[in-house]
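The structure appears right after this line, and notes come after that.
Side-chain atoms are counted along with the backbone in the values below, which use heavy atoms only and exclude waters and symmetry mates. Because the structure is a prediction, the values reported are computed rather than measured.
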Amino acid sequence: MSNDTVDKLVIFLAKRDGIDKLVKTFQYVSKLVHWHVEATKPELAQRFKQWEVASGLSRKAFRTGRFLTGFNLLRRNPGATPTLRLLAVLANAGEMVYWSFDHLLWLSRIGTLDAKFARRLSFISAFGESFGYVFFIIADFILMKQGLAKERQLVASDHEEKSKDVEESLRKIQVDRVMRLMAVAANVADLIIALADIEPNPFCNHAVTLGISGLVSAWSGWYRNWPS
């Protein structure tokens with residue numbers, strides 16, 4: 001018996017990434033609602049602002065220990081070529097800085113550490129995050145290019161009658177490309193959010209830009225983590 005939607009939702013929410021994407025959706029939907037009603041319904045806007053802040057802090061708590069993910073990836077599967085290995089080191093190093101300082105930022109925001117450290121911790125965390133995203137995006141584009149080359153090769157070598165093995169290989173390449181496109185969309189969206197911390201500006205710091213970027217990131221992650 002195959003899993004239905006409820007089964008898949010249960011599996012999805014049992015994952016740390018699944019809960020993170022759901023709460024991230026709450027965080028950025030509430031940001032957009034706060035912006036929309038701030039001028040006309042200040043009391044309602046304040047409630048959504050509190051929901052946004054609580055969701056952000058909850059996500060930081062869920063991500064405790066996440067920096068080990070990048071470390072373990074470098075240990076086990078850094079990449080197939082020297083270029084990909086270098087990109088993996090740079091990307092995961094940036095992400096490990098991000099996660100590590102994000103944990104400290106959470107402690108500062110809840111009062112365990114002095115609140116005066118929050119701004120500096122936020123800057124270092126966002127800088128590491130944006131640094132890592134640049135190299136993740138480059139690596140994904142390289143791998144998608146390799147996938148396209150392999151796909152053309154398979155099609156050219158089997159243009160008369162496609163065997164089941166070739167069709168399965170083509171399907172895997174196409175699925176991988178979609179997943180990498182989702183990853184690029186999420187990383188670009190998160191990069192915009194990080195830039196709002198590093199170098200505040202009217203575009204990146206606008207509530208609509210942040211809200212839409214957060215939802216693109218959340219829903220791209222939702223798609224990638226949803227059980228097949």
Checklist line | Worked check of side chain to side chain contact (heavy atoms under 4.5 Å, CB included) between Val29 and Glu52 | finding: CA-CA 8 Å; Val29 166; Glu52 176 197 344; over 6 Å; no
Checklist line | Step-by-step side chain to side chain contact (heavy atoms under 4.5 Å, CB included) determination, Trp226 to Leu9 | finding: CA-CA 8 Å; Trp226 188 256; Leu9 183 60; 4.0 Å; yes
Item checked: Verdict with supporting geometry, Val166 and Leu170, side chain to side chain contact (heavy atoms under 4.5 Å, CB included) -> CA-CA 6 Å; Val166 171; Leu170 288 172; 4.0 Å; yes
Notebook entry, point to check: Stepwise, does the salt bridge (Lys or Arg N to Asp or Glu O under 4.0 Å) test hold for Glu151 with Arg177?
Noted result: CA-CA 11 Å; Glu151 184 177 15; Arg177 183 160 61 242; 2.9 Å; yes
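Using a distance-only test at 3.5 Å, with no hydrogens or angles considered, no donor-acceptor pair links the side chain of Thr209 to the main chain of Asn205. Within the 3.5 Å criterion, the main-chain N or O of Trp222 finds no donor-acceptor partner in the side chain of Asn225. The main-chain N or O of Asp114 is found under 3.5 Å from a side-chain atom of Ser108 such that the two form a donor-acceptor pair.
The ring-ring contact (aromatic ring centres under 6.0 Å, His included) test applied to Phe131 returns Phe135, not counting sequence neighbours. Residues satisfying the side-chain contact (heavy atoms from CB on, under 4.5 Å) test with Thr112, not counting sequence neighbours, are Leu107, Ile110. For the salt bridge (Lys or Arg N to Asp or Glu O under 4.0 Å) test, no residue two or more places apart in sequence or in another chain qualifies with Glu199.
Taking the side chain as every heavy atom from C-beta outward, Ile193 and Asp190 approach each other to under 4.5 Å. The side-chain heavy atoms of Arg152 and Val155, taken from C-beta on, include no pair separated by under 4.5 Å. At a threshold of 4.5 Å between non-hydrogen side-chain atoms, the residues Leu215 and Leu32 count as touching. Side chains of Leu22 and Phe26 form a contact here, defined as non-hydrogen atoms less than 4.5 Å apart. Residues Leu68 and Met96 fail the side-chain proximity criterion, which asks for heavy atoms closer than 4.5 Å.
Summarising the geometry, atom OG belonging to Ser55 is positioned 9.0 Å from atom CZ belonging to Phe62; distances are rounded to the nearest 0.5 Å. For the atom pair CZ (Arg120) and OG (Ser122), the distance works out to 12.5 Å, reported to the nearest 0.5 Å. Rounding to the nearest 0.5 Å places CD of Glu168 at 10.5 Å from CD1 of Ile173.
Across Leu195 and Cys204, no two heavy atoms sit closer than the pair CB-SG, 4.2 Å. The two atoms that bring Lys8 and Pro227 nearest to each other are O-CG, 3.4 Å, heavy atoms only. Residue Gly79 comes nearest to Leu84 through the heavy atom pair CA-CB, 4.3 Å, listed as atom of the first residue, atom of the second, then distance. When all heavy atoms are compared, the tightest approach of Asp197 to Phe123 is O-CD1, 4.3 Å. Counting all heavy atoms, side chain and backbone alike, Gly70 lies closest to Asn92 at CA-OD1, 3.3 Å. Among all heavy-atom pairs drawn from Thr64 and Arg16, the shortest one is O-NH1, 2.8 Å.
Pairs of residues two or more places apart, or lying in two chains, never qualify as salt bridge (charged side-chain N to carboxylate O under 4.0 Å, His left out) while including a residue from residues 76-97. Listed by first and then second residue, the salt bridge (charged side-chain N to carboxylate O under 4.0 Å, His left out) pairs involving residues 100-113 are Lys60-Asp102, Arg63-Asp102 (not counting sequence neighbours).
Residues Lys24 and Ser217 have side chains that bring a donor and an acceptor to within less than 3.5 angstrom of each other.
Residue Phe203 belongs to no hydrophobic cluster, having no ILVMFWY side-chain heavy atom closer than 4.5 Å to its own.
The existence of a salt bridge linking Asp176 and Lys172 is excluded, since no basic side-chain nitrogen approaches an acidic carboxylate oxygen closer than 4.0 Å.
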